[in-house]
Amino acid sequence: MMSIENLSQTRALPIGLRALRIDDLPQMMALQASIYPPALLESAEVLASKISAVPAGWSSLAATEGDTLCAYALGYPWRSDRQPGWNRPLAPQHDCDVLYLHDVAVATAYAGRGIAGQMVRHLMQQGQQCGLSRAILVAVEGAQGYWSRLGFIATAAGRTDPAFGSDAVLMQRELLPSDPVLPAAV
Ligand SMILES: CC(C)(COP(=O)(O)OP(=O)(O)OC[C@H]1O[C@@H](n2cnc3c(N)ncnc32)[C@H](O)[C@@H]1OP(=O)(O)O)[C@@H](O)C(=O)NCCC(=O)NCCS
């Protein structure tokens, strides 16, 4: 397990960061239900596919305090010519050219401690090291301002899947090897 205490660029946290696992699913389901409205909840089957149907060596992230899942960040290689969907099982992808940050969720009790920022930076670093030159995401629930702070900008490209809600915004960000926002290699 990596320690955010060692990785944090801002302040020390007694929270660990590790690969997200299938056995995290029960706590993931509870966490998403605690922060998202019912229309934005994904099934256990869909969440499991997004943990598992990824290239060898790729992992999404869990932030934990002891046995408690404080936060998770689901992201995976994706094809930019495909529209991301909500609550659709992930099938293995080929010829991926972008990192798709699907869901970053932090339990309310752990908000504002830099956990989401650390997880996003590590997923972006993983994507950059896998040869992906861009990250995309769909900002929901008014989170566009949060993503702007991490360097994402709204794209002019078309509509998002209606399941994301009417206020959803497709955003993107370049992933450059020398990006100062990305953490040092670990
Ligand atoms: C958005 C979210 C992931 C941020 O997690 P976090 O670990 O608290 O984020 P960080 O600690 O890295 O950053 C906190 C900062 O972001 C700001 N922030 C949080 N949510 C924000 C939002 N929706 N819009 C703008 N700024 C936001 C906080 O005010 C805080 O600002 P400060 O550093 O000036 O005090 C978390 O609040 C969450 O899980 N929200 C519900 C799920 C969600 O909306 N996910 C994103 C879907 S696209």
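Ligands are counted one by one from 1 in listed order, and the atoms in each one are counted from 1 as well.
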Note to self: Give me the atom names and distance for the closest heavy-atom approach of Glu42 to Gln32.
What the structure shows: O-NE2, 2.6 Å
Notebook entry, point to check: Between CG of Leu137 and OG1 of Thr160, what distance do you get to the nearest 0.5 Å?
Noted result: 11.5 Å
Note to self: Please list, in number order, the atoms of ligand 1 under 4.0 Å from a heavy atom of Gly114.
What the structure shows: 10 (P), 11 (O), 12 (O)
Checklist line | Ligand-residue contact atoms, ligand 1 with Val138, heavy atoms, under 4.0 Å | finding: 48 (S)
Check: Which pair of heavy atoms, one from Ser80 and one from Val98, lies closest together, and at what distance?
Finding: CB-CG1, 3.8 Å
Next item on the list: Check whether any side-chain heavy atom of Arg18 sits under 4.5 Å from a side-chain heavy atom of Thr64, and report yes or no.
Entry: yes
Notebook entry, point to check: Looking only at N/O atoms, are Ala111 and ligand 1 under 3.5 Å apart anywhere?
Noted result: no
Notebook entry, point to check: Charged N to carboxylate O under 4.0 angstrom, Asp97 versus Arg82?
Noted result: no
Next item on the list: Please confirm whether Tyr146 comes within less than 3.5 Å of ligand 1 when only nitrogen or oxygen atoms on both sides are compared.
Entry: yes
Next item on the list: Could you tell me whether the side chain of Gln93 reaches within less than 4.5 Å of the side chain of Pro77, counting heavy atoms only?
Entry: no
Check: Can you list the atoms of ligand 1 that are under 4.0 Å from a heavy atom of Trp147?
Finding: 48 (S)
Note to self: Polar contacts were defined as any N/O atom of the residue lying under 3.5 Å from an N/O atom of the ligand; does this apply to Val104 and ligand 1?
What the structure shows: yes
Margin query: Could you tell me, atom by atom, which parts of ligand 1 come under 4.0 Å of a heavy atom of Gly112?
Written below: 6 (P), 8 (O), 11 (O)
Check: Considering only heavy atoms from C-beta outward, does the side chain of Val46 approach that of Trp86 to under 4.5 Å?
Finding: no
Item checked: Per-atom contacts of ligand 1 with Gly142, taking only distances under 4.0 Å to non-hydrogen atoms -> 23 (N), 24 (N)
Note to self: Please check whether Tyr36 reaches ligand 1 - meaning an N/O of the residue sits under 3.5 Å from an N/O of the ligand, judged on distance alone.
What the structure shows: yes
Next item on the list: Nearest heavy atom to atom 31 (O) of ligand 1 wins, so pick from Arg149, Met171, Gln32.
Entry: Arg149
Item checked: Which of the ligand 1 atoms, numbered from 1, are nearer than 4.0 Å to a heavy atom of Arg113 -> 11 (O)
Checklist line | Closest non-hydrogen atom pair, Ser60 against Lys50 | finding: OG-O, 4.4 Å
Next item on the list: Would you mind telling me if ligand 1 is within reach of the side chain of Ile35, the backbone, both or neither, using heavy atoms under 4.0 Å?
Entry: side chain
Check: Which atoms from ligand 1 have a heavy atom of Gly117 less than 4.0 Å away?
Finding: 12 (O)
Next item on the list: Using a strict cut-off of 4.0 Å, indicate which atoms of ligand 1 neighbour a heavy atom of Val140.
Entry: 47 (C), 48 (S)
Next item on the list: Mind checking the CD-CD1 spacing from Glu174 to Ile153? Nearest 0.5 Å is all I need.
Entry: 8.0 Å
Next item on the list: Classify the contact between Ala139 and ligand 1 as side chain, backbone, both or neither, using a heavy-atom distance cut-off of under 4.0 Å.
Entry: backbone
Notebook entry, point to check: Once you round to the nearest 0.5 Å, how far does CZ of Arg173 lie from CZ of Phe152?
Noted result: 6.0 Å
Next item on the list: Ignoring angles and geometry beyond distance, decide whether Ala105 reaches within less than 3.5 Å of ligand 1 through its nitrogen or oxygen atoms.
Entry: no
